[in-house]
Amino acid sequence: MDENRIKITWYGTASVRIASENSQLLIDPFIPFPDSRVKIPADAYSDCRHILVSHGHYDHIGSIMEIVRRDTAVYCTKAPYNTLCRKGVKKHNLHLIKAGAVITVGDFKITAYKGNHIRLNGWDCLKALCSRRVRKNHRGIMKKVMKFTSCLEKKETLCYLVEAFGKRILILGSLALAGDITYPKGADLVLLPYQGSDKLCETAEEIYERLMPKAVLLTHFDDTFPPFSTEVDTSEIDEQLNGRTRVYKLRQGSSIII
C-alpha cells in the first residue's frame with residue numbers, strides 16, 4: 001500500500017477496516033448469521049488488534065467475543081463493555097471510552113464524539129417480527145431474538161473522527177446526530193449507515209447538509225442479519241447527492257483508498 005494513504009474496506013453492516021501502511025483499525029466487526037447471503041472470510045479480522053465500537057447493539061458487537069485475541073484492544077462505552085464482559089470477553093481486552101476522548105493508534109488520531117441512534121419505531125419492530133419473512137424462516141428465530149435483545153445501546157452511541165496524513169474520516173454508528181454537538185465539517189469521508197427509518201433519504205440529506213463532507217461511504221444498507229435486516233435501495237440518496245458530493249457504495253469486502 002502507498003505510503004501516507006488510507007485504505008477503507010467495508011465488510012457489511014457497519015463493519016469497516018481503516019488501514020495505513022503501518023496501522024489498522026476495525027469498526028464494529030461482525031460475523032454474519034449462517035443463513036446470511038453476506039459472507040466474511042474466516043481470517044478477515046485476524047491481523048487487526050484495535051477495535052472501535054460505535055454502540056452496543058448486537059449487529060455491532062455480537063461477534064467481538066469470537067474475534068478478540070489476547071492482545072486485542074476494544075474501545076467502547078459502558079453498555080457494550082458490560083455486555084461483552086457478560087459474554088466472556090476478558091476485561092484486559094476492554095477499554096472504556098466516552099465522548100471527548102482522544103486516543104492514538106499508530107498513525108491514527110481518534111476523537112470520540114457524542115452520537116445518536118436513529119429512533120427505532122416499536123410498531124415497525126413488532127411488524128418485522130410478525131412478517132411473512134420471519135414466518136417462512138422461523139427455525140431458530142427465538143435464538144436470534146435473544147441474541148439481539150441481549151445487546152443494548154442505552155443511548156451511548158459514539159461517532160469517531162479518525163485523522164492521519166492530513167485526511168479526516170468521520171464514522172457514524174447510526175443514521176443520526178446529536179442535536180447539541182458541533183461535529184467537524186468538510187471531512188474527506190463520512191461513513192453513513194443507511195438503514196433504520198422510513199425516511200432514509202430525507203434523514204441522510206439532513207446529515208449531509210450538517211456535515212458537508214467531500215465524500216460519503218454508505219454502510220449498513222445490506223441484509224446481513226436476516227430476517228431483522230433488509231436490503232435497502234440506495235438509488236434515491238445517490239440521486240439526491242449527485243453533483244454535491246461523491247457517494248461510494250461498495251460490495252462487501254471491497255475497498256477505497258484516500
Taking side chain to side chain contact (heavy atoms under 4.5 Å, CB included) as the definition, give me every residue that meets it alongside [X], ordered by chain and number, with sequence neighbours left out.
X: Asp238; result: Leu218, Thr234, Val247
X: Lys39; result: none
X: Pro213; result: Val190, Tyr208, Leu211, Val216

Could you tell me if the side chain of [Y] sits less than 4.5 Å from the side chain of [X], heavy atoms only?
X: Trp10; Y: Tyr248; value: no
X: Ile61; Y: Asp28; value: no
X: Tyr45; Y: Tyr11; value: yes
X: Leu177; Y: Leu172; value: yes

For [X], what residues pass the salt bridge (charged side-chain N to carboxylate O under 4.0 Å, His left out) criterion, not counting sequence neighbours?
X: Arg246; answer: none
X: Glu66; answer: none
X: Asp47; answer: Arg17
X: Lys199; answer: none

- Would you please indicate if the ring centroids of Tyr75 and Tyr160 are separated by under 6.0 Å?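 Tyr75 vs Tyr160: aromatic centres not under 6.0 Å.
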- Query: What pairs meet the side-chain hydrogen bond (donor to acceptor under 3.5 Å, both in side chains) rule with one or both residues in residues 79-89, with sequence neighbours excluded?
  - Reply: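 Output for this query lists Lys87-Ser150.
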- Mind jotting down which residue pairs meet the salt bridge (Lys or Arg N to Asp or Glu O under 4.0 Å) criterion with at least one end in residues 97-116? Sequence neighbours excluded, please.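 Only Lys114-Asp180 qualify under salt bridge (Lys or Arg N to Asp or Glu O under 4.0 Å).
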Listed by chain and number, what are the side chain to side chain donor-acceptor pair (under 3.5 Å) partners of [X], not counting sequence neighbours?
X: Asp71; value: Arg49
X: Arg244; value: Glu205, Glu209
X: Ser255; value: Thr9

- Task: Using the six-membered ring wherever Trp is involved, compare the ring planes of His220 and His60 and label them parallel, tilted or perpendicular (cut-offs 30° and 60°).
- Result: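 Correct class here is tilted.
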